[in-house]
Amino acid sequence: MQVPYHRYWFTEAEEQAVLDVLRSGWLTTGQQVKLFEAEAAAYKHAPYSIGVASCTSALFVLLASLNLGPKDEVITTPFTFAATANTILLNGAKLVLADIDPQTLNIDPSSVAERITPNTRAVVCVHVAGHPCDMDALRALTEPHDIALIEDCAHAFESSYKGTPTGLIGYGGAFSFYPNKNITTGEGGLILCPDAGLEGRLRRLRNHGLDFDSYERSKTRGYKQYDIMELGFKHTMNELQACIGRQQISRLPEMTRRRMALVRRYDDAFAANPHLEPVKPLADTVSAYHLYIVQLRSDAVAAHRDDIVADIMDRGVGLSIAYKPLHLFTYFRTQLGYQIGDLPQAEAAYQRVFSLPLYPLLSTEEQDYAIEVVQTVVAQYAG
Ligand SMILES: Cc1ncc(COP(=O)(O)O)c(C=O)c1O
């Protein structure tokens, strides 16, 4: 049997929506984006939401709104995708990597505390796998110093922390609708923010600093000249992305039901396995469970992680490894001076983890096969 690591789920509803947009005569940011923003905001109980081209765009725009300069420091985790750190560097700030909590794999507030200086302007936390970070601890560190707490919610659209939806806990949240995410718009992203003043600024930064976009212009009499208010970049979402996103949001309850049933089946299957430890969310949080990450418990078994992953994949089960810590990559070592040993918890976690297939279209037969292959292969190396 072949069990792919990921499959996205489109129905005739998405296909029809795309056709309707193609025939509508309007492709760039317009009515569909407005409706998508409203429907995403309703789902997240958010006062403001802004559709953008990707989560990378969302992070970039949120950071740009802080007007960072070379003296400014932004703290984030190495246990993430490149986008989280790249957008900090591309905004001209100094990147400061903090270590992670080995239980949740999220940024460790005590490591953040050690790195805060008078130049710290922001902390970007990542809700890895959809499991919310320890936001009380991060807020306690950032709020007294007026440090912006930005949430990278690429994995965490459906997540909440102590009843508050992710993305609305700090300064703003950045969401991804990349094809492998829980819902997808092909490529796409969203910004949530709790502040009306900030919303207007983010909308301008999304679109070249213009005071209004071409859709708004099309609704007025005569030629309405835009003004350029400040420097901005092109991070807009288009109508094709938005119309797909609207259908995905409307089907999200069904997708979540299926995803969580699969999570419970994995949890049950691995509960008695002495070699595997699934990464679990903190108490009093809801996780989107974008990833199902397992850690190999003992050092002896973890030493064979790459062979275990290769053997499982040889038997037809797709896996992924999230994440190789950023500071171990060439650019971060050679250009930013990071070294092996700088962030020991992130490095240790990297040696132990792999992620299993988890998506609404995964059948129970496929999941049972994946479970059986994982348990068998791990037992061979433990044995
Ligand atoms: C944690 C994290 N942040 C940011 C991103 C960037 O998302 P996008 O591809 O939508 O720009 C990703 C993408 O996989 C991610 O996993």
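When a ligand or atom number is given, it counts from 1 through the structure's own listing order. Quick note: numbers below take in every heavy atom, side chains included, and nothing from hydrogens, waters or symmetry partners. Bear in mind that the values here come from a model prediction, so they are computed numbers and not experimental data. Sequence positions, counted from 1, serve as the residue numbers for this chain.
Listed by number with element, the atoms of ligand 1 under 4.0 angstrom from any heavy atom of His155 are 1 (C), 15 (C), 16 (O). Short contacts between ligand 1 and Val126, defined as distances under 4.0 Å to a heavy atom of the residue, involve ligand atoms 1 (C). Interface of Ala83 with ligand 1, defined as ligand atoms under 4.0 Å from a residue heavy atom, comprises 4 (C), 5 (C), 6 (C).
Looking only at heavy atoms of the protein, atom 7 (O) of ligand 1 is closest to Cys55 CB, 3.2 Å. Annotation: atom 3 (N) of ligand 1 to nearest protein heavy atom, Asp152 OD2, 2.7 Å. Distance from atom 9 (O) of ligand 1 to its nearest protein heavy atom, with residue and atom name: Tyr178 CD1, 3.7 Å. Closest protein heavy atom to atom 11 (O) of ligand 1: Thr56 OG1, 2.5 Å. Of the protein's non-hydrogen atoms, the one nearest atom 2 (C) of ligand 1 is Ala154 CB, 3.4 Å. The closest protein non-hydrogen atom to atom 14 (O) of ligand 1 is Lys181 NZ, 2.7 Å. Here the heavy atom of the protein found nearest to atom 1 (C) of ligand 1 is Thr80 OG1, 3.4 Å.
Side-chain atoms of Ser111 and Arg115 form a donor-acceptor pair, as typed in the model, at a separation below 3.5 Å. Asp342 and His327 share no side-chain donor-acceptor pair at under 3.5 Å. A donor and an acceptor atom, one from each side chain of His127 and Ser159, are nowhere located under 3.5 Å apart. Between the side chains of Tyr178 and Glu187, not a single donor N or O lies within less than 3.5 Å of an accepting N or O.
Judged by the shortest distance from any of its heavy atoms, Tyr323 lies inside the 4.0 Å radius around the atoms of ligand 1.
In this structure, Lys44 forms a cation-pi arrangement with Phe157, its terminal cationic atom sitting closer than 6.0 Å to the ring centre and no more than 45° off the ring axis.
Here the rule is side-chain contact (heavy atoms from CB on, under 4.5 Å) with Ser65, and of Leu198, Asn91, Ile191, Ile150 only Leu198 fits it.
Only the side chain of Thr84 comes within 4.0 Å of ligand 1, counting heavy atoms alone; its backbone N, CA, C and O stay farther away.
Using the six-membered ring where Trp is involved, His155 and Tyr323 have ring planes that are parallel, under 30° apart on the 30 and 60° scheme.
Taking the side chain as every heavy atom from C-beta outward, Lys94 and Val74 never approach each other to under 4.5 Å.
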